[in-house]
Amino acid sequence: MNAERFGAVEAYIEGLFVDADPVLAETLRAAAEAGLPEIQISAGQGKLLYLLAKLCGARRILELGTLGGYSSIWLARALPVDGRLVTLEFSPKHAEVARANIEHAGLGEQVEIVVGAALDGLAQLEARGEQPFDMVFIDADKPNYSNYLAWSLRLTRPGSLIIADNVVRAGAVLDPEDDDSAAVAAQAFNAALAAEARVEAIVVQQVGPKGHDGMAIARVR
Ligand code: SAH
Ligand code: DHB
Ligand code: MG
């Protein structure tokens, strides 16, 4: 199997299981036009997150790393009408693009974007006494992933789901180069997750149009 074949199979899967979606297409177009990096999750990964949110009956979701709001829209669509997604984004520009995309998706009422470093946002959420989140999606700056795991455990409850993107990095996680901060962080995060007695977890490797990476999936005990 080569990369081209993996890409073709992913296109086949998305053709079967992901409906054409003008709102998400427009979200990607607006993000690209605003010059945002095209590093959002794939459509298939969006469908997976949506299904996982529904499977755990999520009413309150926390996301770290909004970018243009693509994954936020997938996640927020899985919420009940009175559900809520809080998404943390460092870049005011990314947050502005995401806000417009989320409004356009009709999800403005359910989604709150907290602008600033996620570590500050997380402390704010705790300080204002947020109810526990049912699901957390970690997808912000990779070097802080282990910190984000610790925070996720503070802000969830038994049975909550914690997902982290980009924990395989085309296999670089096996033996990261010192200057590959994302792979170094993924390796440390996966080790911390595996050693964390408060969760049961696995990493799922994924291949698709953007190559080989993976997500960690954990359930809080
Ligand atoms: N979840 C998005 C992609 C996120 S890309 C999607 O799939 O659609 C990672 C995002 O994390 C970028 O927008 C980046 O600006 C943001 N980010 C980087 N460092 C951050 C930090 N310290 N706190 C919060 N967000 C951060
Ligand atoms: C990249 C991909 C991501 O999913 C992400 O969250 C950050 C960076 C990348 O391919 O560089
Ligand atoms: Mg990612």
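Order of listing sets the numbers, starting from 1, for every ligand and every atom in it.
Of the candidates Arg169, Glu38, Lys210, it is Arg169 that places a heavy atom closest to atom 10 (O) of ligand 2. Closest heavy-atom approach to atom 26 (C) of ligand 1 within the set Tyr70, Trp74, Phe90: this belongs to Phe90.
Counting only heavy atoms of the protein, atom 7 (O) of ligand 1 lies nearest to Ile41 N, 2.9 Å. Protein heavy atom in closest approach to atom 15 (O) of ligand 1: Glu89 OE2, 2.6 Å. Summary of contacts: the protein heavy atom closest to atom 22 (N) of ligand 1 is Asp141 OD1, 3.1 Å.
For ligand 1, the atoms lying closer than 4.0 Å to a non-hydrogen atom of Tyr148 are 21 (C), 22 (N), 23 (N). Which parts of ligand 1 touch Ala140 is read off a 4.0 Å heavy-atom cut-off, strictly below it: atoms 11 (O), 25 (N), 26 (C). Here is the list of ligand 2 atoms found below 4.0 Å of a heavy atom in Asp165: 4 (O). Numbered from 1 in the order shown, with element, the atoms of ligand 2 that lie under 4.0 Å from a heavy atom of Lys142 read 5 (C), 6 (O), 7 (C). Residue contact check: Asn166 has heavy atoms under 4.0 Å from atoms 2 (C), 3 (C), 4 (O), 5 (C), 6 (O) of ligand 2. The atoms of ligand 1 that sit less than 4.0 Å from any heavy atom of Gly65 are 1 (N), 2 (C), 4 (C), 10 (C), 11 (O). The ligand atoms of ligand 1 that sit less than 4.0 angstrom from a heavy atom of Thr66 are 2 (C). Taking a cut-off of under 4.0 Å to the non-hydrogen atoms of Ala117, the atoms of ligand 1 that pass are 23 (N).
A side-chain donor-acceptor contact under 3.5 Å links Asp213 to the backbone of Val168.
Between Tyr70 and Trp74, the angle of the ring planes goes over 60°, which puts this pair in the perpendicular group of the 30/60° scheme.
Nearest heavy-atom pair across Gln206 and Leu48 is NE2-CD2, 3.6 Å. Closest heavy-atom contact between Arg169 and Ala182: NE-CB, 3.8 Å.
At least one N or O atom of Ser71 sits closer than 3.5 Å to an N or O atom of ligand 1. Geometrically, ligand 1 and Ile39 share no nitrogen or oxygen pair separated by less than 3.5 Å. Residue Ala118 places at least one N or O, backbone or side chain, under 3.5 Å from an N or O of ligand 1. Looking at Asp139 next to ligand 1, an N or O pair under 3.5 Å apart turns up.
When you scan the N, O or S atoms of Asp139 for the one nearest the Mg ion (ligand 3), you land on OD1. The atom name of the N/O/S atom in Asp165 closest to the Mg ion (ligand 3) is OD2.
Between Asn147 and Leu122 the shortest side-chain heavy-atom distance does not fall below 4.5 Å. Looking only at side-chain heavy atoms (C-beta outward), Thr27 and Gln40 stay at 4.5 Å or farther from each other. Here the side chains of Leu24 and Arg77 are in contact, with some heavy-atom distance below 4.5 Å.
Looking at Asp213 against ligand 2, nothing comes within 4.0 Å, counting heavy atoms. Proximity of Ile39 to ligand 2, defined as any heavy-atom pair under 4.0 Å, is shared by backbone and side chain alike. Contacts between Leu119 and ligand 1, counted as non-hydrogen atom pairs separated by less than 4.0 Å, are absent for every part of the residue. Under 4.0 angstrom from ligand 2, there are no non-hydrogen atoms of Gln40. At a 4.0 Å heavy-atom cut-off, ligand 1 touches Gln40 through backbone and side chain alike.
Taking hydrophobic clusters as Ile, Leu, Val, Met, Phe, Trp and Tyr residues chained together by side-chain heavy-atom distances below 4.5 Å, Leu88 does not share a cluster with Leu161. Each of Leu28 and Leu36 belongs to its own hydrophobic cluster when Ile, Leu, Val, Met, Phe, Trp and Tyr are linked at side-chain heavy-atom distances under 4.5 angstrom. Val199 and Leu62 end up in the same hydrophobic cluster when Ile, Leu, Val, Met, Phe, Trp and Tyr side chains are linked at under 4.5 Å.
Here Ser71 does not reach the Mg ion (ligand 3): none of its N/O/S atoms is less than 2.8 Å from the metal.
Leu51 CG: more than 12 foreign heavy atoms inside a 6.0 Å radius. Heavy atoms of other residues, nucleotides or ligands lying less than 6.0 angstrom from CG of Asp178 number 12 at most. Within a 6.0 Å sphere centred on CD of Glu126, heavy atoms belonging to other residues, nucleotides or ligands number more than 12.
Screening Glu63, Gln124, Glu112, Arg60 against Val86 for a side chain to side chain contact (heavy atoms under 4.5 Å, CB included) leaves a single residue, Glu112.
Salt bridge annotation for Glu96-Lys93: absent, with no cationic side-chain nitrogen under 4.0 angstrom from a carboxylate oxygen.
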